[in-house]
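Reviewing the structure listed below.
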Amino acid sequence: MASIKPSVPKGTRDFSPAEMVKRNYIFDTIKSVFRKYGYQQIETPTMENSSTLMGKYGEEGDKLIFKVLNSGDYLAKVDEQKLIERNSNSVAVAISEKALRYDLTVPFARYVVQHQNEITFPFKRFQVQPVWRADRPQRGRYREFYQCDADVVGSDSLLNEAEFIMIYDEALTKLGLKDFSIKINNRKILSGIAQVIDKADNIIDLTVAIDKLDKIGLDGVIKELLEKGFTDADIDKLKPVILLEGNNTEKLSSLREALAQSQIGLKGCDEIETVFGYIERCPLQTAKLELDITLARGLNYYTGAIFEVKTNEVNMGSIGGGGRYDDLTGMFGLKGLTGAGISFGADRIYDVLEELNLFPAGSNQTTRVLICNFDKEGELYSLPLLQALRRNNINTELYPAGAKIKKQMEYANNKNIPYVVVVGGDEMQTGLLTFKDMTSGVQEKLTADEIVAKLN
RNA sequence: GUAGGCAUAGCUCAGUUGGUUAGAGCACCAGAUUGUGGUUCUGGGGGUCGUGGGUUCGAGCCCCAUUGCUUACCCCA
């Protein structure tokens, strides 16, 4: 049989031990903060029914969902006519009824509706699982990546929004970031802006365009707006809003002026102000909280606050985002349940920590002691020490008998094991084992008890 | 879906106007050291130059096709 070249699918990656240590450090840090704020972990299946996912992410989104082929002779059941037509979409529906999850939010909405009678509201859940997108991979964009989500459903209090800001601040501070911004906006403000220029129907075109401000500049935004049918008069009205300056308070008061004619816009300002009020009483450790009305992400289901987190230390897209959605569960038949949530981009945070050298030193040592020996006799002799060390919660390995001592030392070295115990003929006779500190290279003779005591 | 770039050892990459037997660093293996890693020295294994065709006396290098990877746009977070 011809051997195949080993490789993984495009946009997916292996994670080796050294990387897993670092990834777990990120996950554990984020999870511990989620727990501290009262969020409980759930998991949902890798696969959902296609009907759960399809149509929830827009037309583009549907194309990016990985579909899972039915089992068995799936073609036999397909309508003959569909096969003849060779229409991929209609055949796909017929031969695939399951799909890989595309995000954690929609499965969560499905979960909430399905388990509504077991859940105590407000329900605060977190979820750390991979998601899949059949996207074209590029920098910072993978086909399989992890999301770390925290969401609360069944509470419209703006305290939740404030707590999300605190969670971002606390988790990213813990991870060692020194300079990052949490940008906040409110969908109601965006609606208000659209209303003021009498373009409520074009709110999507409007926000998509101004979202690109820092990417394509004011001229680019104007050009795009003109292409989308906005007039010069509209743009003159928009300009001062887009180019808001000053601190958050100043921006808010200018906004209130600009949105004076829009009730919904003023409501958005009120909400932001309330959130700022909460944060004033619980000052942030590191994060800069900025009102940024060009922030328009995930427009399809956000209805209130919108968040985005960016590091200012390295050039990287956003490392987190979220917002409030008033009718997430509506599509599964449970109306009137409001929710809000945030997500950490673990893969991007990894890249940031790597670039800034912020992973804790020594995090890649797993085993603390390696016991080396020469033969079966030494192996048997070592077992009580092995067990004693492990009983004391010291990660210990016994190298299987039969290898050269050099080989065993290399193993310890490559695995970053800080201590080695050598058990040979002399040691077994005297009961004094050779104990070596691999960092300094210093060796001493100690009894088994002394070794346990020393490492404890 | 649109456009560009790249493809040479396990990894990162050199390779001159097209010219003998395609190189380096790292990694790996062995020895110096038959009970000692990391450091040092010596030696060694490893390549259909992505694949298929073409031009040429001669192709890693030029041309065409194809596959894979990658970057940007659209989109998405």
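All values derive from a computational prediction rather than experimental measurement. Every chain is numbered from 1, with letters handed out A, B, ... down the list of sequences.
In this model, a side-chain donor or acceptor of Gln443(A) finds a partner on the base of U36(B) within 3.5 Å. Between the side chain of Asn413(A) and the base of G38(B), no donor-acceptor pair under 3.5 Å is found.
The partner of A27(B) is absent, by the rule that a Watson-Crick or G-U pair needs both atom distances under 3.5 Å. As the counterpart of C69(B), G5(B) is assigned, both hydrogen-bonding distances of the Watson-Crick or G-U wobble pattern falling under 3.5 Å. Across all strands shown, G52(B) pairs with C64(B); the Watson-Crick or G-U wobble distances both stay below 3.5 Å. Taking a pair to require two hydrogen-bonding distances under 3.5 Å in either a Watson-Crick or a G-U wobble arrangement, G19(B) pairs with C57(B).
In this structure, Ile405(A) atom CD1 and G38(B) atom P are separated by 13 Å, rounded to whole Å. Computed from coordinates, the Asp62(A) CG to C76(B) C1' distance equals 14 Å when rounded to whole Å. Between the P atom of U39(B) and the CE atom of Met438(A) lies a distance of 11 Å, rounded to the nearest Å. Here the P atom of nucleotide C73(B) and the CG atom of Asp211(A) are 13 Å apart, to the nearest Å. One interatomic measurement links the two molecules: NZ of Lys310(A) to P of A77(B), which rounds to 15 Å at whole-angstrom precision. In this structure, Tyr350(A) atom OH and A77(B) atom C1' are separated by 20 Å, rounded to whole Å. Distance Gln408(A) CD to U33(B) P: 21 Å, rounded to the nearest Å. Rounded to an integer number of Å, the gap from Met409(A) CE to U39(B) C1' is 15 Å.
Atom P of U40(B) sits at a distance of 25 Å from the matching atom of G35(B), rounded to the whole Å. Look at the C1' atom in both G46(B) and U39(B): the space between them is 26 Å, to the nearest Å. Nucleotides G5(B) and U17(B) place their C1' atoms 24 Å apart, quoted to the nearest Å. Across the P atoms, C69(B) and U8(B) are found 14 Å apart, a figure rounded to whole Å. Rounded to a whole angstrom, the distance from the P atom of G1(B) to that of U66(B) is 15 Å. Nucleotides A59(B) and U67(B) have their P atoms positioned 26 Å apart, rounded to a whole Å. Comparing the P positions of A14(B) and C76(B) gives an interatomic distance of 37 Å, to the nearest angstrom. Atom name P, nucleotides C73(B) and A77(B): the rounded distance is 16 Å, in whole Å.
Within 4.0 Å (heavy atoms only), Arg133(A) reaches sugar-phosphate atoms of the nucleic acid but no base atom. As judged by a 4.0 angstrom heavy-atom cut-off over every strand, Gly61(A) is placed among residues making no nucleic acid contact. Across all strands shown, Tyr411(A) has no heavy atoms under 4.0 Å from either base or sugar-phosphate atoms. If you check every strand for non-hydrogen atoms under 4.0 Å, Gln147(A) touches nothing. Counting non-hydrogen atoms under 4.0 angstrom, Asp103(A) reaches nothing in the nucleic acid.
Of the candidate nucleotides U36(B), U70(B), C76(B), U70(B) has the atom nearest to the side chain of Lys10(A). Nearest to the side chain of Glu427(A), among G35(B), A77(B), U36(B), sits G35(B). For Arg136(A), taking side-chain heavy atoms from C-beta onward, the closest of the listed nucleotides A72(B), C74(B), G37(B) is A72(B).
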- Residues Arg13(A), Glu144(A); criterion salt bridge (charged side-chain N to carboxylate O under 4.0 Å, His left out); working and verdict: CA-CA 8 Å; Arg13(A) 298 154 295 165; Glu144(A) 177 185 61; over 6 Å; no
- Assess whether ring pair (Phe, Tyr, Trp, His ring centres under 6.0 Å) is satisfied between Phe126(A) and Phe34(A), documenting all intermediate values. CA-CA 7 Å; Phe126(A) 76 89; Phe34(A) 285 164; 5.4 Å; yes
- Query: salt bridge (charged side-chain N to carboxylate O under 4.0 Å, His left out) between Glu290(A) and Lys251(A): does it pass, once the steps are laid out?
  - Reply: CA-CA 10 Å; Glu290(A) 293 170 20; Lys251(A) 282 184 189 168; 5.5 Å; no
- Lys445(A) and Glu450(A): salt bridge (charged side-chain N to carboxylate O under 4.0 Å, His left out), yes or no, with the steps? CA-CA 10 Å; Lys445(A) 294 278 193 177; Glu450(A) 285 168 338; over 6 Å; no
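Under 4.0 angstrom from either OP1 or OP2 of U71(B) there lies no side-chain N or O belonging to Gln138(A). Of the side-chain N and O atoms in Lys407(A), one or more sit less than 4.0 angstrom from OP1 or OP2 of C29(B). Contact annotation: Lys404(A) side-chain N/O to G31(B) OP1/OP2 distance is under 4.0 Å.
Tested against Val131(A), the residues Thr105(A), Asp149(A), Leu104(A), Thr46(A) include a single side chain to side chain contact (heavy atoms under 4.5 Å, CB included) partner, Leu104(A). Under the salt bridge (charged side-chain N to carboxylate O under 4.0 Å, His left out) rule, Asp135(A) has a single partner from Arg141(A), Lys10(A), Arg143(A), which is Arg141(A).
Residues Tyr102(A) and Lys406(A) both approach RNA chain B. Their nearest nucleotides, taken by heavy-atom distance, put Lys406(A) toward the 5′ side. When the nearest nucleotides of RNA chain B are assigned to Asn414(A) and Lys436(A) by heavy-atom distance, the more 5′-ward of the two goes with Asn414(A).
Less than 6.0 angstrom separates the ring centroid of Tyr168(A) from the ring centroid of Phe344(A).
Looking at Lys124(A) and Asp151(A), no side-chain N of the basic residue comes within less than 4.0 Å of a carboxylate O on the acidic one, giving no salt bridge.
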